[in-house]
Number of protein chains: 2
Amino acid sequence: MLFSKTCEYAIRACIYIAQQSGEDKKVAIKEIAKGIDSPEHFIAKILQNLSKKGFINSVKGPNGGFYMDKKNMKTTISDIVLLIDGDSLFTKCVLGLKQCSENKPCPLHNQYKHTRKEIIELFRNSKIGQISEQVDLNETFLKLK
Amino acid sequence: MLFSKTCEYAIRACIYIAQQSGEDKKVAIKEIAKGIDSPEHFIAKILQNLSKKGFINSVKGPNGGFYMDKKNMKTTISDIVLLIDGDSLFTKCVLGLKQCSENKPCPLHNQYKHTRKEIIELFRNSKIGQISEQVDLNETFLKLK
DNA sequence: AAAATAAAGGATAAAAAACTCTTTTATTAA
DNA sequence: TTAATAAAAGAGTTTTTTATCCTTTATTTT
């Protein structure tokens, strides 16, 4: 697994919010939880964190909820992963060796480094805004049944 | 993280055993644990499992220990990962969606599938025997300090 | 101002993963 | 044939991750 469950939910939630909301239209936790098929209370915690870090916007009270402003549409998958899971996927030795490096490579280092580069590029180039457009066009899907 | 801790240890142990042992020379748990910098009792459990599944060979009693026969030298990283972590890294949706598929792709499916293919190829082509040779030649390193 | 709504926050619980300890079994060598 | 050795097996414990519940705070509508 590339991501923790928390991170999977976070990414899905961000895409959902980007796709469903605007300055005018907010979405509530309950709707998000249903929309991305995640435990309501769990995603609430995650949204709290994303909001605190400014990845999503939130408004309390009636007609409140979460939305994403233009700036946040530029958030990348990489940004979310770094926030939730940290940089280990992008930097840690694939075999878990503390001192693995270009100079002292672990037995998988040299083969894996190219793949890792691709993973990094891929997630760095994936912007929430652009991804949510594909969902809008029914090219890709967030919830499947 | 691509692998579980258990899986990391398993791979490192297999490489160590491949590199250190032969039909004649066996290595004991203690030596393996030191050699790959892993908790002794934990790696013992893992070795038990690898041995039961025939990935490594073992002999009890004095002068006993673990070794790897010629056949087992052909084991791939992929084989070990499949045994320990299952096939989720190779098949499960990167966003954790149950029904994600070519027909109904999740928002990351199409970009990620190429990277995934590379990961699969990489580990399928990495044989323990060949990897341990590189360690032998001091081209790569299992323990670093 | 009061009632209702919705997120924020804090505390707890359950499940899984990582790790440890002790006893048993097989094998070998004295 | 007994003692020593080393893995196998089983039974914990600890830590981390995942998930839930309850109270508080902010905001809005009536």
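The analysis underlying the following values was restricted to heavy atoms, covering all of them including side chains, and did not include hydrogens, waters or symmetry mates. Predicted, not measured: the structure shown is a model, and the values here were computed from it.
Distances from the side chain of His41(A) to the nucleotides dA29(C), dC19(C), dC21(D) place dC21(D) closest.
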Can you give one letter per nucleotide of nucleotides 8-18 of chain C, 5' to 3': B if a protein heavy atom sits under 4.0 Å from the base, S if only from the sugar-phosphate, - if neither? BBB-------S

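One atom, NZ of Lys26(B), and another, P of dA6(D), lie 12 Å apart when rounded to the nearest Å. Taking atom CG on Leu50(B) and atom C1' on dA7(D), their separation rounds to 14 Å, with Å as the unit. Look at CG on Asp37(A): it is 15 Å from C1' on dA19(D), rounded to the nearest Å. Ile43(A) places its CD1 atom 17 Å from the P atom of dC21(D), with the value rounded to the nearest Å. Between the CG atom of Asn49(B) and the C1' atom of dG10(D) there is a distance of 15 Å, given to the nearest Å. Counting to the nearest Å, the P atom of dC19(C) and the CD1 atom of Ile46(B) are 8 Å from each other. Protein atom NZ of Lys34(B) is 12 Å distant from nucleotide atom P of dA6(D), rounded to whole Å. Between the CG atom of Asp24(B) and the P atom of dT28(C) there is a distance of 15 Å, given to the nearest Å.
For the 3.5 Å distance criterion, the side chains of Lys45(B) and Asn49(B) fail to qualify, holding no donor opposite an acceptor.
Side-chain contact between Phe141(B) and Cys106(A): absent, with no pair of heavy atoms (C-beta onward) separated by less than 4.5 Å. In this structure, the side chains of Phe3(A) and Leu89(A) come closer than 4.5 Å at one or more pairs of heavy atoms.
Remark: side-chain polar atoms of Lys113(B) are not paired, donor with acceptor, to backbone N or O of Glu102(B) under 3.5 angstrom.
Between Asn63(A) and dT27(D) there is no side-chain polar atom (N or O) within less than 4.0 angstrom of OP1 or OP2.
For Thr6(A), the side-chain contact (heavy atoms from CB on, under 4.5 Å) criterion is met by Ser4(A), Phe42(A), Ile46(A), Ile84(A), not counting sequence neighbours.
Between Lys5(A) and Glu8(A) there is a salt bridge, since a side-chain N of the basic residue sits under 4.0 Å from a carboxylate O of the acidic one.
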